[in-house]
Structures are given as structure tokens and as C-alpha cells.
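The next block holds one structure in the form of C-alpha cells; read it before the comments.
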Amino acid sequence: MYALVDGNNFYVSCERVFRPSLNGRPVVVLSNNDGCAIARSNEAKALGIKMGAPWFKIKHFEESDGLVALSANFALYGDMSDRMMSLAAGLGHRQEVYSIDESFIDLTGIPGDMTLRSQKIRYRILKWIGIACGIGIGPTKTLAKLANHIAKTAERKPGSYPDHHAQVCNLGSLETSELDGLMLATEVGEVWGVGRRICAQLKEAGIHTVLDLARLDPVMVKRRWSVVLERTVRELQGTDCMGLQHEPPAKQAIACTRSFGHAVLDLSALQEAVTEFASRAAQKLRLQNGHAGQVLTFIRTSPFRTQDLQYSRSTVVPLRRPTNDSRGINQAALMGLQAIYRPGYRYAKAGVMLLDLKPADLIQQELALDDDVTYPGGSRLMQVLDTVNTRFGRGTLSLASAGLAGEMRPWCMRQERRTPGYTTDWNGLAWARA
DNA sequence: TCTGGGGTCCTAGGACCC
DNA sequence: TCTGGGGTCCTAGGACCC
């Protein structure tokens, strides 16, 4: 049996902990660049604001309905997440942190009433952290996800779930007929693993509810769709196909990509941006003690500006030796940029991805057939770089090709509504009284 | 004027190997 | 006349997740 613990409207809930005046008001949290809504309070949802809605299209709700929009404050959400996860872990012996606001807990070997136990944990998280959660319980992760969805919608659709305890739904305690009833009442698109495309295909084939999907023959599903959807069907039927990932698996790729605050035309500005992205990616890589074997650089115009000439290209540059040195990685990234840059386009986004990752302590020995290409100072210098930037703030020390912060940088992102780092920065402490 | 970022897995096709 | 079988690696693209 699995439980899924999931923070409600997580980013908005984090903001509300430190600004209670936001309770009861429609609130959205905006993506980087204040581009679009990535979290919505229930009141914002009620206004019809969709996930991913561009800010400029919903801005009018500020005037008409008192909508509050905040720039994403990921330092805050990450810290709140850590606190929530450590309490949620108390539900069982093993936990898989699946995303910033969700974790699966393996309930195997836990005695007692799981519904009651979940309600207690839920209350503790609410009281100690200030975040409201939904908890779903089921024999597979897909069913736990479904239970979580039912738990969250139960309050909006009274009577849809027989247990009136809102926010906790235990499918394990239901009769088959009750489970069927819930599956029949839930749209197939709500299933974990069924996205927009597959949903449309399923409906085309006459499969509208979760129950319809759960009753399909997995072999047919594999033949007609894919092994991925087959697994989903089996999970809905109660066969555990995924298991719990207790230890987070080593990352296969590290990315740093950004949309620009304003369109960029010339190579030199792109070089600055790419240098910054390469440095940030390299720092993430060092943090997990890894080396990268390849560096991918991409640049692209905005697909939304249909009146503009479009251009999108990426290239992979292999590294002479796997490294996590910012200088080597940046050199490769700039080389890639040089190869794909074409003048005459309004670039809207660029990024650097580190691929072919391996542990830093795994070193491929080789014959010294040519001059050493490693940089002087090596890991010591990178250590100093990271220490200084952690202590005095991002970008205190940077590579020269990143340009100077004081100058006009059109590629810098806009973030006009960010709240302080309440829990991660001494200067950001909330004031009880000024 | 203004539309995010960071991941995973799977598949198909081509090149190449013995 | 009859032209295999089994495998790897790489890339691009698609689908999904939060």
C-alpha cells in the first residue's frame, strides 16, 4: 500500500504562511520572467485562471477581482518543501520525494488504520508548517495518485467520495463496487500518465472514464498505444509496476535554461547569457559531485511571435575529458553557441545542458599523448568560487565572459513581485511588527 | 509589449559491427 | 534459384510529469 502526500496549491500556500493577508484572496505565483501562472489558489481557480495562463492575459483580474500575483520564490518553496517532507516521512518507513510538493510513502508493515494515521500526519503538517495537504492511499502509486485527486475534489464535489473526511482518501478500505463507482465518476484524463494527447486518443476510442481505462486488456493497450500506458492500466488494476524509489537515482542531465527578459539579437549578449547558464549548471554539477562528458547549447526565437522569422538549434560539444570545471564547460558551451548562432533573429531563449554525467571520483586513466588540457587551480578554485557565491550571493564571482552585472543586460529575467527569502536569508525574516 | 524550467522514458530509424 | 541474424550506439522527436 502506498500513500501520496501532496501540498495543496503548494507555492501559493508557502506564500500565505508568511502573508496571512493573502488568505481568502485570489493569488497566483508566476513563472520565471513573470511569464505565466504556475500555481493558483482556489479563489484564482474559481476565476477560471488556467494552469500556465500567460500573465498579460490574466492581469486584468488584478483590477476586477483583487488578484494578487507574486514572482516565484523558489528558495522559499524549496525550504518549505524540506520541512513538509520530513513530517510526511513519518507516515511509513520509506519515502520517495517525487516532486517539490509530493512524496510517496510505502505503508508496508505499518499497523493500524491508515486513514486515521494519515489524518494525524496531515494535521501535524498543517499545524507545524502551515501547509494544507491532500493524502491519497492505494495499492499502487497510480491508485494512490487517483486517491489523492479524489481527496482534493471531494470538497468541491460533495458525495463523490463516501468518506466525508476531506483531504484524505483511502482506496484500500473500499469495496470493489465503491471503487468502481469512484472510477466511473472520474474522467480518464485525471489519471497519472494520461496527458492531453493520450486523453484525446482514448476518448476517440470511446474510453471516457477511469473505469473504462482500468477495464482494458493490457496486452491490447501495449499493442495499440505503448508499454507506458500498459503499465498505467495494470497499476489501475492493482498490479504494482513501479515500486518506490527510496534513493533518488543519479541525474542523467543537468540543465540551466532561461527565457530572456527582452529579445536578444547580437552574439555578445548571447555569450554572456550562455556563460551564466554554463556556470550555474557547472555549479549544480559540482554540488552532486559529478563530471559531465558533453555540453549541449541551444538558442531559439519565440514561437509565440509568429510574425518573427523562427530559428531553433542545438548542438552537443563533447569534452576532451569529463569535468565539472566552470571554465572548461563554459568554453565548450561558447564553442557550441558560435557554431549555431545566426545573425538576424530575435532570440528569446537559450540554455546549457550537461550530459553524459558520471561520478567525479570515476576517472578514466589514459596515456599522456598530448598536453594536459585541464585548467590550473582546478577543484580548489571551483571550491572557492562556490563558497564565495554561496556566502555573498550568486554572481559575486563569475567568469569574465558573463559580463558585468551593472551593465544593461537584456537577457536578464524580470521578477518584479518576489517575496523575501523568509526562511533562507537573515535579511528576509518576516516582521511581526515594524 | 508581455507565454517557465527541469526532468524522465520510449520509439523509430540509420549506421555500423560480426 | 536461393541474399541472415543478432546486436549496439546514436539522434531526433514525442509524450509525460510537476
Under 4.0 Å between a side-chain nitrogen and a carboxylate oxygen: does that hold for A:R234 and A:E230?
yes
Quick one: A:Y77 OH to B:dG5 C1', roughly how many Å, whole number?
14 Å
Please enumerate all protein N or O atoms sitting under 3.5 Å from an N or O of nucleotides 6-11 of chain B, with distances to 0.1 Å.
| residue | atom | partner | partner atom | Å |
| --- | --- | --- | --- | --- |
| B:dG6 | OP1 | A:R258 | NH1 | 3.2 |
| B:dG6 | OP2 | A:T257 | N | 2.6 |
| B:dG6 | OP2 | A:T257 | O | 3.1 |
| B:dG6 | OP2 | A:T257 | OG1 | 2.7 |
| B:dG7 | OP2 | A:A255 | N | 2.6 |
| B:dT8 | OP1 | A:Q252 | N | 3.1 |
| B:dC9 | OP2 | A:Q252 | NE2 | 2.7 |

Do the charged groups of A:R417 and A:E62 touch, with an N to O distance under 4.0 Å?
yes
Here's a test of your reading of the structure: between A:R305 and A:N32, which maps to the more 5' nucleotide of DNA chain B?
A:R305
Using a 4.0 Å heavy-atom cut-off across all strands, classify A:V194 as base, sugar-phosphate, or nothing.
sugar-phosphate
Select base, sugar-phosphate, or nothing to describe what A:F10 touches, counting heavy atoms under 4.0 Å on all strands.
nothing
Rounding to a whole Å, what distance do you find between A:N33:CG and B:dT1:P?
17 Å
For A:I38 and B:dG5, what is the distance between atoms CD1 and P respectively, to the nearest whole Å?
10 Å
Any ion pair linking A:E43 and A:R16 (charged N to carboxylate O, less than 4.0 Å)?
yes
Heavy atoms only, 4.0 Å cut-off, all strands: where does A:I100 land among base, sugar-phosphate and nothing?
nothing
In whole angstroms, how far is the P atom of C:dC18 from the CZ atom of A:R40?
12 Å
In whole angstrom, give the distance that lies between atom CH2 of A:W192 and atom C1' of C:dA15.
15 Å
Nearest-Å distance, NZ (A:K141) to P (C:dC16)?
19 Å
Can you tell me how the ring of A:Y2 sits relative to the ring of A:F104, calling it parallel under 30°, perpendicular over 60° and tilted otherwise?
perpendicular
Specify whether A:W192 and A:Y98 have parallel, tilted or perpendicular ring planes, treating 30° as the upper limit for parallel and 60° as the lower limit for perpendicular.
perpendicular
Does a side-chain N or O of A:K145 approach OP1 or OP2 of C:dC18 to a distance below 4.0 Å, or not?
yes
Without decimals, in angstroms, what is the distance between A:W55 CH2 and B:dT1 C1'?
15 Å
Starting at NZ of A:K57 and ending at P of B:dT1, how long is that distance when rounded to a whole Å?
14 Å
Distance below 4.0 Å between A:S259 side-chain N/O and B:dG5 OP1 or OP2:
yes
Indicate, with a heavy-atom threshold strictly under 4.0 Å, whether A:D101 touches base, sugar-phosphate, or nothing.
sugar-phosphate
Ion pair A:K141/A:D240, N-O distance below 4.0 Å
no
Please give the distance between the P atoms of C:dC18 and B:dT3 as a whole number of Å.
25 Å
Cationic N near anionic O, under 4.0 Å, A:R280 to A:E276:
yes
Below 4.0 angstrom, N of the basic side chain to O of the carboxylate: do A:K145 and A:E190 qualify?
no
When all nucleic acid strands are considered with a 4.0 Å heavy-atom cut-off, which category describes A:V191: base, sugar-phosphate, or nothing?
sugar-phosphate
Find the partner of B:dA12: check Watson-Crick (N1-N3 plus N6-O4 or O6-N4) and G-U wobble (N1-O2, O6-N3) distances, both under 3.5 Å, and reply none if neither fits.
C:dT11
